[in-house]
Amino acid sequence: QSALTQPPSVSGSPGQSVTISCIGTSSDIGTYNRVSWYQQPPGTAPKLIIYQVTNRPSGVPDRFSGSKSGNTASLTISGLQAEDEAAYYCTSYTSNSAFDVVFGGGTKLTVL
Amino acid sequence: QVQLQESGPGLVKPSQTLSLTCTVSGDSINSDTYYWSWIRQPAGKGLEWIGRIYSSGRTKYNPSLKSRVAISLDKAKNQFSLTLSSVTAADTAIYFCATYVAHDDYFDYWGQGTLVTV
């Protein structure tokens with residue numbers, strides 16, 4: 001069982017927006033602005049798309065945006081494109097001294 | 001730009017030791033920017049953090065694997081390595097090496113991954 005909770009799947013049509021949630025606790029998301037998101041198309045390595053809640057690395061389209069409220073972080077993808085179909089993972093820094101980082105279980109995005 | 005490349009046997013017998021190496025280019029293992037990390041992913045499942053090592057040699061491991069795992073540095077070759085002992089079928093996975101940005105807390109570079117079957 002993952003430390004952060006994500007929905008197993010979401011879907012949307014091209015051009016629409018979808019939001020993926022990532023629920024943590026006060027030991028991670030609720031206290032620290034150290035949430036990141038990764039995109040993993042089938043058969044490839046994960047790719048960083050959001051770091052420190054809202055920041056996009058160079059080259060990531062501004063269709064991808066991140067936010068946080070309380071213990072929940074969210075990734076919103078607007079103007080869905082077929083190439084966005086992938087698994088998406090959230091991570092967060094945690095104050096649990098046994099770990100550096102905790103992962104979400106992943107969300108499969110299907111573009112209809 | 002950092003590039004990472006995993007290497008090692010793709011098939012390991014049960015009860016034996018899995019050994020993988022990650023070769024780093026574009027930065028030095030001596031850099032204090034990163035924690036050099038290993039993550040794995042069983043087929044069709046999510047990502048699992050295995051552990052990491054800092055340039056000082058300081059390590060941290062996933063408690064569920066701690067008794068079987070070791071990560072080390074080879075500064076001469078600019079590589080870091082993973083060993084996992086007493087493997088079972090449950091250790092079959094794609095193994096990724098990655099850079100974890102120290103103090104900013106995200107993985108910015110990933111290797112392509114290597115499949116290890118037990």
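Scope of the values below: all heavy atoms of this structure, side chains included, with no hydrogens, waters or symmetry mates. Numbered from 1 within each chain, the chains take letters A, B, ... in sequence-line order.
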A:Tyr32 versus chain B, heavy atoms under 4.5 Å apart: side chain, backbone, both or neither? neither

Under 4.5 Å from any heavy atom of chain A - which part of B:Tyr109: neither

State whether a side-chain donor-acceptor pair under 3.5 Å links A:Asp28 with A:Tyr93. no

Chain A neighbours within residues 35-47 of chain B, where any heavy atom lies under 4.5 Å away: B:Tyr35, B:Ile39, B:Gln41, B:Lys45, B:Gly46, B:Leu47

Inter-residue atom distance B:Arg58.CZ - B:Arg52.CZ, 0.5 Å rounding: 6.0 Å

Assess whether ring-ring contact (aromatic ring centres under 6.0 Å, His included) is satisfied between B:Trp110 and A:Tyr38, documenting all intermediate values. CA-CA 11 Å; B:Trp110 296 69; A:Tyr38 304 84; 5.8 Å; yes

At what distance, to the nearest 0.5 angstrom, does CD1 of B:Ile94 lie from CD of B:Glu6? 10.0 Å

With a 3.5 Å cut-off and no angle check, do the side chains of A:Thr19 and A:Thr76 form a donor-acceptor pair? yes

Can you tell me which portion of B:Phe96 sits under 4.5 Å from chain A's heavy atoms? Options are side chain, backbone, both or neither. side chain

Tell me yes or no: between the side chains of A:Tyr51 and B:Asp108, is some donor less than 3.5 Å from an acceptor? no

For a 4.5 angstrom cut-off between non-hydrogen side-chain atoms, does B:Cys97 reach B:Phe80? yes

If I measure from the heavy atoms of chain B, does A:Gln40 come under 4.5 Å with its side chain, its backbone, both, or neither? side chain

What residue, out of A:Ala87, A:Pro46, A:Ser36, has the most heavy-atom pairs lying under 4.5 Å from chain B? A:Pro46

CG of A:Asn55 to CD1 of A:Ile50, rounded to nearest 0.5 Å, is 7.5 Å

